[in-house]
Amino acid sequence: MHLVSIKYYLRLFLKGILNSYSQIFFSNNYFLAGLLLFVSFFDLGAGISGVLAIFISQLTALAFHFDHKNITNGTYTYNSAMVGMALGGFYQLNISLIALIIIAGILTFFLSIWFMHQLANKGLPFLSISFLIVIWLFVLGAKNFSALQLNEKNTLTFLEYFPSFFLNVTELIANIPFSNFFYLYFRSLGAIIFQYNDFAGILIAIGLLFQSRISFLLSIVGFSFGYGFYQLMEADFSQLIYSYIGFNFILTSIALGGFFIVSNTRSFVLLLFCIPVIAILISGLSGLFTYLGLPLYSLPFNLVVWIVLFAIGKRSYSSKLNLVAYQHFSPEKNHYKFYNAVERFSKMAYYSLDLPIIGKWRISQGHNGTITHKEDYKYAWDFDIIDEQGKTYHGSGVDLMDYYCYNMPITAPLFGTVIAIIDGVEDNAIGNVDIQHNWGNTIIIKHDDFFYSKLSHLKINSIEVKVGDYVSKGQVIAKCGSSGRSPEPHLHYQLQATPYIGSKTLLYPIGYYLTNQNNTFKFHSYNIPKQSEIVCNVISTPLIFDAFNFIPGKKLQWHYSFESKSEIITWEVGVTIQNQAYLYCPRTKSTAFFVNNGTEFYFTDFDGNKNSLLHNFYLSAHKIILGYYEGITVKDKLSISELFPVLLKSVHDLTAPFYHYLKADYSFSFAKIDNIHNPTTIKMNTSCEGIIFNKKISTINYSLEISNADNAIITFIGIQQKFKAVLCSTI
């Protein structure tokens with residue numbers, strides 16, 4: 001075997017072992033994993049058995065050619081770790097136990113695979129069900145094999161050799177306020193990895209706090225709810241003390257409070273209902289399982305999490321309890337990325353509609369208009385063109401040709417198929433209306449099932465398409481007229497759910513557009529143009545579009561200079577199987593995901609080194625409008641993890657589910673253009689601001705310049721960081 005292969009498999013095994021431990025606490029954090037591994041060796045037999053069970057499952061996965069990614073991230077093997085630790089914690093380590101663990105490791109792996117795929121079909125995690133089944137099978141069946149010399153253990157390894165140390169830790173807890181609560185809490189944490197002592201629980205709590213403040217908070221809150229419920233009901237605490245069943249409260253709280261459900265006030269309130277159910281299940285099932293001679297372990301946790309997640313997945317709308325769509329293995333990341341996406345993209349609709357016009361037009365009548373846009377027809381727009389004096393015509397205004405919008409091109413707002421046309425209706429003389437042909441000359445375009453555009457009052461014989469034609473966004477399809485119920489030239493535009501001429505209107509936003517007031521443009525994204533606004537589509541500037549048109553498969557080479565040092569940094573442009581475009585820096589193993597839709601270039605997420613050049617580019621070009629418009633400013637939101645130091649953010653994590661007092665804003669504006677009609681250089685300024693309690697405390701400024709020396713070259717400068725990076729080649 002080549003040295004490269006040996007290193008690869010050693011890394012795979014090591015990462016897989018560590019991640020198997022961290023996955024028990026819904027994490028992929030190596031610090032927590034290392035701490036859990038260390039704590040598991042407080043009982044030497046349990047520690048060795050846990051690692052051995054993982055290794056056996058890993059070998060099984062490799063032997064049957066299972067996905068290496070799931071081996072590395074511990075998905076296949078965290079149940080095996082629990083099985084090994086449970087068996088090693090209950091029986092003395094000997095040859096018989098090792099044989100048992102080998103069988104258990106193989107069986108647990110195959111059960112994990114089966115449950116993983118069966119439950120995934122229902123949108124549910126497989127949690128620790130394979131661990132429970134294997135443990136129950138071995139508890140019931142191992143005693144029937146007399147050749148197995150399994151001896152129950154009397155004491156933990158470390159507890160046996162260092163009794164005074166563990167006794168001192170217990171006495172220390174006894175001297176703090178609410179000592180009984182903390183005693184039970186720490187024991188419950190330790191019991192999750194089968195370590196029944198206070199010191200193990202303290203170390204796990206420290207690791208949990210380091211890995212996730214929200215998980216740590218949830219563990220305390222969930223255990224407090226369970227503890228309080230037992231007190232309220234005057235229940236027997238011996239189950240908590242001797243069975244350490246409190247870990248069901250902790251695991252359920254982390255799972256439902258922030259891992260599978262985005263953490264917020266409602267996810268915490270949800271625990272008020274779930275934790276008592278856990279307590280009832282413990283009380284109800286413990287008698288049955290005691291009779292069967294089986295440990296209850298994490299069964300209540302599994303049942304409640306499945307029931308709640310299944311029920312939540314069947315709702316008609318979210319009601320502020322939001323399932324985590326993409327798992328980041330951190331309640332903080334799940335929370336911040338979700339709410340950042342809500343701030344940035346919640347108004348986005350499935351389709352991005354253009355305005356059906358070329359140039360600047362006025363909304364002469366908007367939604368809920370005062371003339372005809374009422375009741376079933378209230379979600380519509382009328383368009384015309386006015387001059388600087390607010391007039392819709394020049395000259396006397398008695399002739400159709402006097403009106404600025406008459407005979408102007410009308411475009412398709414979105415791709416689709418023409419399904420209906422009315423033509424041949426004469427344009428009215430100014431002031432007259434044709435009530436008999438209310439809509440006048442009309443085109444209906446089908447964009448999707450239950451989604452149609454209707455454009456009316458078109459000029460007679462100006463329609464350039466026919467029924468059955470496929471049209472693309474921006475394609476000229478007719479000219480503005482004054483047919484039908486139209487006293488003067490204008491365009492009527494509406495969305496509707498049915499394909500008929502007289503269909504009711506449908507509320508739907510325009511994707512991207514600009515409003516113009518006092519010669520100042522304002523950018524709008526997925527919004528509803530309002531009456532009297534002067535609107536136009538965003539037309540991309542080729543120089544800007546080309547600069548940010550990163551093509552998958554290409555490599556970008558940057559000449560980076562900082563102080564007296566300079567170097568070449570290469571990024572790769574790629575696309576995921578989910579069709580997400582990204583920039584990847586091999587040197588820092590950093591990835592920035594982006595979208596270029598022809599109107600905007602914007603980043604959606606970043607993963608990796610926040611000191612990298614790629615992260616600076618992610619901040620500096622967080623959102624770029626691809627068309628030059630003087631005076632325009634584009635605002636956006638950043639995740640607070642992008643700007644604030646770790647300590648400050650970590651403190652904020654504790655309040656994040658309830659209130660964000662940290663915020664991060666992004667701003668973009670054009671600074672200079674050398675030629676408005678045929679630019680060769682465009683300069684932009686961007687800034688990122690850190691805000692605490694609505695007070696700005698930090699600003700990071702960047703300057704970007706695009707030139708067409710070799711097609712489109714980007715130069716961006718970190719003002720505070722005093723670096724400069726030039727895109728010197730694309731290969």
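Scope of the values below: all heavy atoms of this structure, side chains included, with no hydrogens, waters or symmetry mates. Since the model is a prediction, treat every value here as computed from it, not as a measurement.
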Is the centre of the Phe345 ring less than 6.0 Å from the centre of the Tyr602 ring?
yes
Please confirm whether Phe545 and Phe601 have ring centers closer than 6.0 angstrom.
no
What class does the angle between the rings of Tyr185 and Phe181 fall in, given that below 30° is parallel, 30 to 60° is tilted and above 60° is perpendicular?
parallel
Does the Tyr508 side chain pair with the main chain of Leu353, one donor and one acceptor, at a distance under 3.5 Å?
no
Run the side-chain donor-acceptor check on residues 623-635: report pairs under 3.5 Å with partners two or more places apart or on a different chain.
| unit_1 | atom_1 | unit_2 | atom_2 | d |
| --- | --- | --- | --- | --- |
| Lys623 | NZ | Glu600 | OE2 | 3.3 |
| Tyr629 | OH | Ile539 | N | 2.9 |

In terms of relative ring orientation, are Phe260 and Phe26 parallel, tilted or perpendicular, with 30° and 60° separating the classes?
perpendicular
Return yes if some donor-acceptor pair links the side-chain N/O of Thr576 with the main-chain N/O of Gln580 below 3.5 Å, else return no.
yes
Return the set of residues passing salt bridge (Lys or Arg N to Asp or Glu O under 4.0 Å) with Asp653 (not counting sequence neighbours), or none when no residue passes.
Arg213, Lys649
Can you name the salt bridge (Lys or Arg N to Asp or Glu O under 4.0 Å) partners of Glu567, sequence neighbours left out?
Arg587
Check whether Ser267 reaches the backbone of Asn264 with its side chain - one donor and one acceptor, N or O, closer than 3.5 Å.
yes
A quick test of your reading: do over 12 heavy atoms of other residues, nucleotides or ligands sit less than 6.0 Å from NZ of Lys724?
no
With sequence neighbours excluded, give me every side-chain hydrogen bond (donor to acceptor under 3.5 Å, both in side chains) pair touching residues 520-529.
Thr515-His524
Do Trp558 and Phe617 make the cut of ring centroids closer than 6.0 angstrom?
yes
Does any N or O in the side chain of Asn302 come within less than 3.5 Å of the main-chain N or O of Ser128, such that one atom is a donor and the other an acceptor?
yes
From the options Asn537, Asp354, Asn597, select the one residue that forms a side chain to side chain donor-acceptor pair (under 3.5 Å) with Tyr512.
Asn597
Side-chain polar contacts of residues 29-37 - donor-acceptor pairs under 3.5 angstrom, sequence neighbours left out - could you list them?
| unit_1 | atom_1 | unit_2 | atom_2 | d |
| --- | --- | --- | --- | --- |
| Asn29 | OD1 | Phe31 | N | 3.0 |
| Asn29 | OD1 | Leu32 | N | 2.8 |

Quick check against the 3.5 Å criterion: does Arg315 have a side-chain atom that pairs as donor or acceptor with the backbone of Leu321?
yes
Quick check against the 3.5 Å criterion: does Asn516 have a side-chain atom that pairs as donor or acceptor with the backbone of Lys360?
no
For Gln578, look at atom CD and say whether over 12 heavy atoms of other residues, nucleotides or ligands are found less than 6.0 Å away.
yes
Output yes when a side-chain donor or acceptor of Trp381 lies under 3.5 Å from a complementary backbone atom of Ile363, and no otherwise.
no
Can Phe693 and His660 be said to form a ring-ring contact (aromatic ring centres under 6.0 Å, His included), step by step?
CA-CA 9 Å; Phe693 292 113; His660 283 196; over 10 Å; no
Quick check: Phe259 with His328 (ring centres under 6.0 Å apart)?
no
Ile691 meets the side-chain contact (heavy atoms from CB on, under 4.5 Å) criterion, sequence neighbours left out, with Lys663, Asp665
Between Phe210 and Phe216, is the ring centroid distance below 6.0 Å?
no
Expected output: side-chain Glu705 to main-chain Ile682 donor-acceptor under 3.5 Å
no
For this output row, return yes or no: ring centroids of Phe723 and Phe716 closer than 6.0 angstrom.
yes
Should we say atom CG of Leu647 is surrounded by more than 12 heavy atoms from elsewhere, each under 6.0 Å from it?
no
Looking at residues at least two apart in the chain, or sitting in another chain, which of them share a salt bridge (Lys or Arg N to Asp or Glu O under 4.0 Å) with Lys610?
none
Filter on salt bridge (Lys or Arg N to Asp or Glu O under 4.0 Å), then keep only pairs touching residues 319-342, sequence neighbours left out; what's left?
Lys337-Asp605
Determine which pairs satisfy salt bridge (Lys or Arg N to Asp or Glu O under 4.0 Å) with at least one residue from residues 248-271, sequence neighbours left out, and list them in order.
none
Spacing of Leu727 atom CG and Thr715 atom OG1 [to the nearest 0.5 Å]
8.0 Å
Has the side chain of Trp306 got a donor or acceptor atom that lies under 3.5 Å from a matching backbone atom of Pro125?
yes
Output all residues satisfying side-chain contact (heavy atoms from CB on, under 4.5 Å) with Ile692, sequence neighbours left out; order by chain, then residue number.
Phe644, Leu648, Tyr661, Leu662, Ile697
Non-neighbouring partners of Tyr584 that pass ring-ring contact (aromatic ring centres under 6.0 Å, His included), sequence neighbours left out
none
Test salt bridge (Lys or Arg N to Asp or Glu O under 4.0 Å) applied to Glu689 - qualifying residues, sequence neighbours left out:
Lys696
If only atom types and distance count, is the side chain of Ser612 paired as donor or acceptor with the main-chain N or O of Asn609 below 3.5 Å?
yes
